[in-house]
Number of protein chains: 2
Amino acid sequence: MTQVAAPKASRRTPADKHDERRKALAESALRTLGELGYARASLREIANNSEFSHGVVHYYFNDKLELIVYCVRYYKQRCVHRYDGVVAEATSPEDLAERFGDKLVETIVEEAPMHRLWYDLRSQSMFEESLREAVTQIDQSLEDMIARVLGRYAELAGVEPAIASPVAYGMFDGIFQQALLGYLNGRDGVLEDLRARVVELMPMLLAPRA
Amino acid sequence: MTQVAAPKASRRTPADKHDERRKALAESALRTLGELGYARASLREIANNSEFSHGVVHYYFNDKLELIVYCVRYYKQRCVHRYDGVVAEATSPEDLAERFGDKLVETIVEEAPMHRLWYDLRSQSMFEESLREAVTQIDQSLEDMIARVLGRYAELAGVEPAIASPVAYGMFDGIFQQALLGYLNGRDGVLEDLRARVVELMPMLLAPRA
DNA sequence: AAAAAATCTTGACACTCGTCAAGATTCGCG
DNA sequence: CGCGAATCTTGACGAGTGTCAAGATTTTTT
């Protein structure tokens, strides 16, 4: 991927190697961050779980915080279109609701560490101002994602959504976070509950028929 | 330690001095924790913002984590009945919804640091197993609190709630967290939005009339 | 192939952290 | 008062942190 069509005919853009390495580093860092969380993931630990040594971080990033923010943005870019398939393929409101619930469950099973990291970072941004800009952007893009899902759902049902997208996002995020917490705690039935709750909740978010 | 609470009628139980001090320490610690968050609040910083020296912590607590957990439980005990007045004094569904919205806004204005600490700790519990028990208990008591509010709301309306209490808690928690984040980011209108959203949302949580 | 630029490793620095122990201080009771 | 227990302070320890610089190594260019 990545190699942009530079005006030069060189096979590899010499300056893009930098970005490639930054991405590779971010990839490793995300693994460690998802395992240990923001506070306990040291640069040495991050480097140990990668193919690099601990000093190389400061060659590609000025700061630990710059690395973190880069990781967060990188993660956002990967994950914000996770539900586009649901929107595109659903054939009826009921179908969409079920696909959405399934996908939420799948997200927890497959990417629990990433999401607990996200909640960690969002909480940290309540204390650390330097994280707020990135967090705000990601939060907005997640809200947009929910808005697309709900919008399509309403469209398929032939009505308007009964709630604004920030409210919808807040609700689903809360329920998702709760399920993630329960999942990490090893509580039984959290995934089934999550799916059932979503399927049950969706119809309530539609305006009554005109 | 160890001396049991004797049945003496002495004005001050000699062993309760311990608990008193622990509470005072917790009070100070909570102030610092609310300011800096879980990760950046060191024992020295906590002690500096109190009347004690940094070594005294280990006289009253075995561990930093024991102090933190004690603080969390202490905080829970103080805050879990914050909405009881709303339940007790509301005279109609509409009245309750408005009081509830007002109280949520008031909570953010008056105790933002405490609540960002709570979200911080809950996130940390996704990584740190030793926090999970305390976090789970608090989470449950918060869910119960929401259940009381919604239950009374439905009662006043003469119908049943349309959603189970975990769902209700997840929803309100998500919306509240969103508002808190916006508030700390200095976004305008978050408080009014929060109140409006709650008032608008509550009726949708009731089962349609039989 | 040699020189230059880039990338990476290693080791050290200053600092902060939780923890603890030894001694100073205060308190309670005879 | 005086003595012992409770309480608190101080200072130190080892481990871990982010950061950086100097040199080794690799890659690119001439």
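Since the model is a prediction, treat every value here as computed from it, not as a measurement. Below, chain A is the first sequence line, B the second, and so on; all start at residue 1.
Protein atom CZ of A:Phe52 is 11 Å distant from nucleotide atom C1' of C:dT7, rounded to whole Å. To the nearest angstrom, P of C:dT7 lies 11 Å from CD of A:Glu20. For the pair B:Arg40 CZ and D:dG18 P, the interatomic distance rounds to 13 Å; values are reported in whole Å. B:Leu25 has its CG atom 13 Å from the P atom of D:dT7, to the nearest Å. If you take CD of A:Glu51 and C1' of C:dT7, they are 13 Å apart, rounded to a whole angstrom. The distance between atom CG of B:Asp19 and atom C1' of D:dT7, rounded to the nearest whole Å, is 15 Å. Protein atom CG of B:Asp63 is 13 Å distant from nucleotide atom C1' of C:dC20, rounded to whole Å. We find that CZ of B:Phe61 is positioned 13 Å from P of D:dT7, with the value rounded to whole Å.
Considering only side-chain N and O atoms, B:His18 lies nowhere under 4.0 angstrom from the phosphate OP1 or OP2 of D:dA6. Under 4.0 angstrom from either OP1 or OP2 of D:dG16 there lies no side-chain N or O belonging to A:Ser42. For C:dA6, the OP1/OP2 oxygens have no side-chain nitrogen or oxygen of A:Arg21 closer than 4.0 Å.
Listed nucleotides: C:dC20, D:dT9, D:dT19. Nearest to the side chain of B:His58: C:dC20. Listed candidates were C:dC8, C:dT19, D:dG18. Nearest to the side chain of A:Leu43 is D:dG18.
Toward the 5′ end of DNA chain C lies the nearest nucleotide of A:Tyr59, the other residue of the pair A:Tyr59 and A:Gly55 mapping further downstream. Along DNA chain C, the nucleotide closest to A:Tyr60 and the one closest to A:Arg44 are compared, and the more 5′ of them pairs with A:Tyr60.
A 4.5 Å side-chain heavy-atom check between A:Ile138 and A:Arg122 finds every atom pair outside the cut-off. Within the 4.5 Å cutoff, side-chain heavy atoms of B:Ser141 are placed close to those of B:Lys76.
Salt bridge annotation for A:Glu20-A:Lys23: absent, with no cationic side-chain nitrogen under 4.0 angstrom from a carboxylate oxygen. A salt bridge does not link B:Arg195 to B:Glu192: none of the charged side-chain nitrogens sits closer than 4.0 Å to a carboxylate oxygen.
Contacts of A:Tyr60 classified as ring-ring contact (aromatic ring centres under 6.0 Å, His included), with partners at least two apart in sequence or in another chain: A:His18.
At a cut-off of 3.5 angstrom, the base of C:dG11 holds at least one donor-acceptor pair with the side chain of A:His54.
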